[in-house]
Novice: 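One structure follows; several queries about it will come next.
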Amino acid sequence: MAKVGAIPQKALMIASLEADIARLKLERSLRDRISLKRQWLPKYREYLQNCLIQPRSGHNESFVVLCIWASDVHDWALFMPLAEYALKQGMNAPQNFKSPLPEVFLRDMAHEILKHPEPYLMVDYIAQLLELTATDSITDSVRGKAYEAYAYALESTDVARALVLYRKAHEYGQSVTRKIKALLKQLEGVS
């Protein structure tokens with residue numbers, strides 16, 4: 001039984017998160033902000049795990065912020081179950097974001113894949129995220145960029161599938177004709 005006057009665990013977590021967010025706002029370096037998020041995320045893992053076992057939650061601003069932090073620090077193993085839960089619960093992007101949450105997730109992951117030194121490591125993540133957001137309203141440029149990133153991640157392991165995805169990215173307005181031509185040449189060389 002909790003002591004009278006004891007501060008509930010969730011209230012302490014929210015106060016801690018608000019303090020961390022305030023500290024981040026003072027930090028001008030993106031690199032340093034990411035480093036701080038990486039340092040702080042472990043203290044919120046228990047809270048996040050407790051959220052994940054709730055059958056229905058609705059929007060949870062703290063949860064979404066921490067989910068985005070997991071993306072920011074490239075902890076994809078943590079990010080994916082959080083993102084899936086947030087999307088299935090119909091959560092919104094944080095208040096200061098202009099795009100809807102599915103679009104934020106797709107845009108950020110696609111961006112990371114396209115600059116990743118080993119994009120094939122992220123194939124399962126982008127495939128899962130595209131599946132989770134398949135029915136969401138997302139701008140063509142973001143959806144196209146996500147297909148481009150998926151194709152890029154597959155290039156070294158499945159050229160034929162990568163070609164299909166580059167064509168899909170092209171349908172959404174991505175400038176990937178060089179990639180398509182290169183993969184067609186590669187496939188012709190294999191035949």
Side-chain angles (χ1 to χ4, degrees), residues 29-35 37-38 41 48 52 63-94 96-191:
S29 164
L30 177 62
R31 187 179 172 134
D32 291 345
R33 283 195 304 262
I34 289 171
S35 177
K37 290 174 185 179
R38 185 173 288 113
L41 258 175
L48 292 168
L52 289 175
F63 184 89
V64 172
V65 166
L66 293 167
C67 181
I68 290 171
W69 283 16
S71 172
D72 290 346
V73 304
H74 311 145
D75 187 341
W76 305 112
L78 173 62
F79 169 77
M80 281 311 302
L82 301 180
E84 180 175 4
Y85 183 80
L87 292 170
K88 286 182 176 177
Q89 294 293 326
M91 293 187 194
N92 304 312
N96 58 333
F97 282 61
K98 293 182 177 124
S99 301
L101 194 59
E103 194 166 295
V104 170
F105 288 166
L106 268 183
R107 183 193 61 228
D108 291 353
M109 185 177 284
H111 177 76
E112 288 309 315
I113 290 171
L114 290 169
K115 66 180 191 175
H116 200 284
E118 299 173 301
Y120 59 88
L121 296 173
M122 298 188 64
V123 166
D124 292 339
Y125 297 129
I126 189 67
Q128 184 182 358
L129 194 54
L130 276 163
E131 186 178 318
L132 286 168
T133 59
T135 60
D136 291 303
S137 179
I138 293 172
T139 61
D140 289 350
S141 62
V142 171
R143 179 85 61 198
K145 187 64 80 175
Y147 281 123
E148 180 184 359
Y150 190 10
Y152 179 63
L154 277 171
E155 267 186 55
S156 65
T157 58
D158 190 344
V159 174
R161 180 78 177 124
L163 180 60
V164 168
L165 290 164
Y166 275 127
R167 285 181 170 150
K168 204 161 193 166
H170 187 265
E171 289 172 20
Y172 281 95
Q174 293 305 112
S175 299
V176 292
T177 49
R178 282 186 179 169
K179 286 283 193 178
I180 291 170
K181 287 177 184 175
L183 291 185
L184 280 170
K185 243 183 203 178
Q186 193 177 337
L187 284 171
E188 287 169 8
V190 172
S191 300

Novice: What pairs with P94 under side chain to side chain contact (heavy atoms under 4.5 Å, CB included), at least two apart in sequence or on another chain?
Specialist: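 For P94, the residues satisfying side chain to side chain contact (heavy atoms under 4.5 Å, CB included) (neighbours in sequence not counted) are E61, V64, V65, I68, N96, F97.
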Novice: For E171, which residues count as a side-chain hydrogen bond (donor to acceptor under 3.5 Å, both in side chains) partner, sequence neighbours excluded?
Specialist: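 E171: no side-chain hydrogen bond (donor to acceptor under 3.5 Å, both in side chains) contacts found.
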Novice: Hey, could you give me the CD/OG1 distance between Q128 and T133, rounded to the nearest 0.5 Å?
Specialist: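 Spacing of CD (Q128) from OG1 (T133) equals 10.5 Å.
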Novice: Can you name the closest pair of heavy atoms from V123 and A153 and give their distance?
Specialist: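 Shortest heavy-atom separation between V123 and A153 comes out as CG2-O, 3.3 Å.
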Novice: According to side chain to side chain contact (heavy atoms under 4.5 Å, CB included), who are the partners of T139, at least two apart in sequence or on a separate chain?
Specialist: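 T139 satisfies side chain to side chain contact (heavy atoms under 4.5 Å, CB included) with E103, S141, V142 once adjacent residues are dropped.
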Novice: Could you name each residue pair satisfying side chain to side chain donor-acceptor pair (under 3.5 Å) that touches residues 148-164, not counting sequence neighbours?
Specialist: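 Residue pairs passing side chain to side chain donor-acceptor pair (under 3.5 Å), neighbours aside: E148-Q174, E155-Y166, E155-K179.
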Novice: Please enumerate all residues that pass side-chain hydrogen bond (donor to acceptor under 3.5 Å, both in side chains) together with K145, with sequence neighbours excluded.
Specialist: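 K145 satisfies side-chain hydrogen bond (donor to acceptor under 3.5 Å, both in side chains) with no other residue.
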Novice: Could you walk me through whether L52 and F63 satisfy the side chain to side chain contact (heavy atoms under 4.5 Å, CB included) test, starting with their C-alpha distance in whole Å, then the side-chain angles of each, then the deciding distance to 0.1 Å, before giving a yes or no?
Specialist: CA-CA 10 Å; L52 289 175; F63 184 89; 3.9 Å; yes
Novice: Can you measure from CG (L121) to CD1 (I113) and round to the nearest 0.5 angstrom?
Specialist: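 Answer rounded to 0.5 Å: 10.5 Å.
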Novice: Who are the side chain to side chain contact (heavy atoms under 4.5 Å, CB included) partners of D124, not counting sequence neighbours?
Specialist: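 Expected list: none.
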Novice: Return the minimal non-hydrogen interatomic distance between V73 and R38, and the atom names on each side.
Specialist: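 Shortest heavy-atom separation between V73 and R38 comes out as O-NH2, 3.2 Å.
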Novice: Taking all atoms of both residues into account, what is the closest heavy-atom pair of L78 and L82, and its distance?
Specialist: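 Heavy atoms of L78 and L82 come nearest at O-CG, 3.2 Å.
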Novice: Mind jotting down which residue pairs meet the salt bridge (charged side-chain N to carboxylate O under 4.0 Å, His left out) criterion with at least one end in residues 107-122? Sequence neighbours excluded, please.
Specialist: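 Non-adjacent pairs meeting salt bridge (charged side-chain N to carboxylate O under 4.0 Å, His left out): E112-K115.
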Novice: Can you name the closest pair of heavy atoms from A83 and C67 and give their distance?
Specialist: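 So the two residues come closest at N-SG, 3.6 Å.
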Novice: According to salt bridge (Lys or Arg N to Asp or Glu O under 4.0 Å), who are the partners of K168, at least two apart in sequence or on a separate chain?
Specialist: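 Here no residue qualifies.
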Novice: Quick one: which residue pairs count as a salt bridge (charged side-chain N to carboxylate O under 4.0 Å, His left out) with a foot in residues 65-74, not counting sequence neighbours?
Specialist: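 Passing the test, one end in residues 65-74: K37-D72.
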Novice: Might you point out which heavy atoms bring P102 and L87 nearest each other, and give the distance in Å?
Specialist: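 Looks like CG-CD2, 3.6 Å.
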Novice: Can you measure from CG (L114) to NE2 (H116) and round to the nearest 0.5 angstrom?
Specialist: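 These two atoms lie 11.5 Å from each other.
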Novice: According to salt bridge (Lys or Arg N to Asp or Glu O under 4.0 Å), who are the partners of K98, at least two apart in sequence or on a separate chain?
Specialist: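 Partners of K98 by the salt bridge (Lys or Arg N to Asp or Glu O under 4.0 Å) criterion come out as none, since no residue qualifies.
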Novice: Under the rule for side chain to side chain contact (heavy atoms under 4.5 Å, CB included), what residues qualify as partners of S175, not counting sequence neighbours?
Specialist: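 Counting only residues at least two positions away or on another chain, S175 forms no side chain to side chain contact (heavy atoms under 4.5 Å, CB included).
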Novice: So, does R143 use its side chain to make a donor-acceptor pair with the main chain of I138 at under 3.5 Å?
Specialist: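 Judged by distance alone, no pair lies under 3.5 Å.
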Novice: Grab the two heavy atoms, one from L106 and one from A146, that are nearest each other, plus how far apart they are.
Specialist: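 For L106 and A146, the tightest heavy-atom pair comes out as CD2-CB, 3.7 Å.
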Novice: Measure the spacing between CG of L41 and CG of L48 and express it to the nearest 0.5 Å.
Specialist: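 L41 atom CG to L48 atom CG measures 7.5 Å (nearest 0.5 Å).
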Novice: Test of understanding: with ring pair (Phe, Tyr, Trp, His ring centres under 6.0 Å), list the residues that count as partners of F79, not counting sequence neighbours.
Specialist: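 Checked F79 against ring pair (Phe, Tyr, Trp, His ring centres under 6.0 Å); matches are W76, F105.
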Novice: Is the closest side-chain heavy-atom distance between M80 and M109 below 4.5 Å?
Specialist: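 Yes - at least one pair of side-chain heavy atoms lies under 4.5 Å apart.
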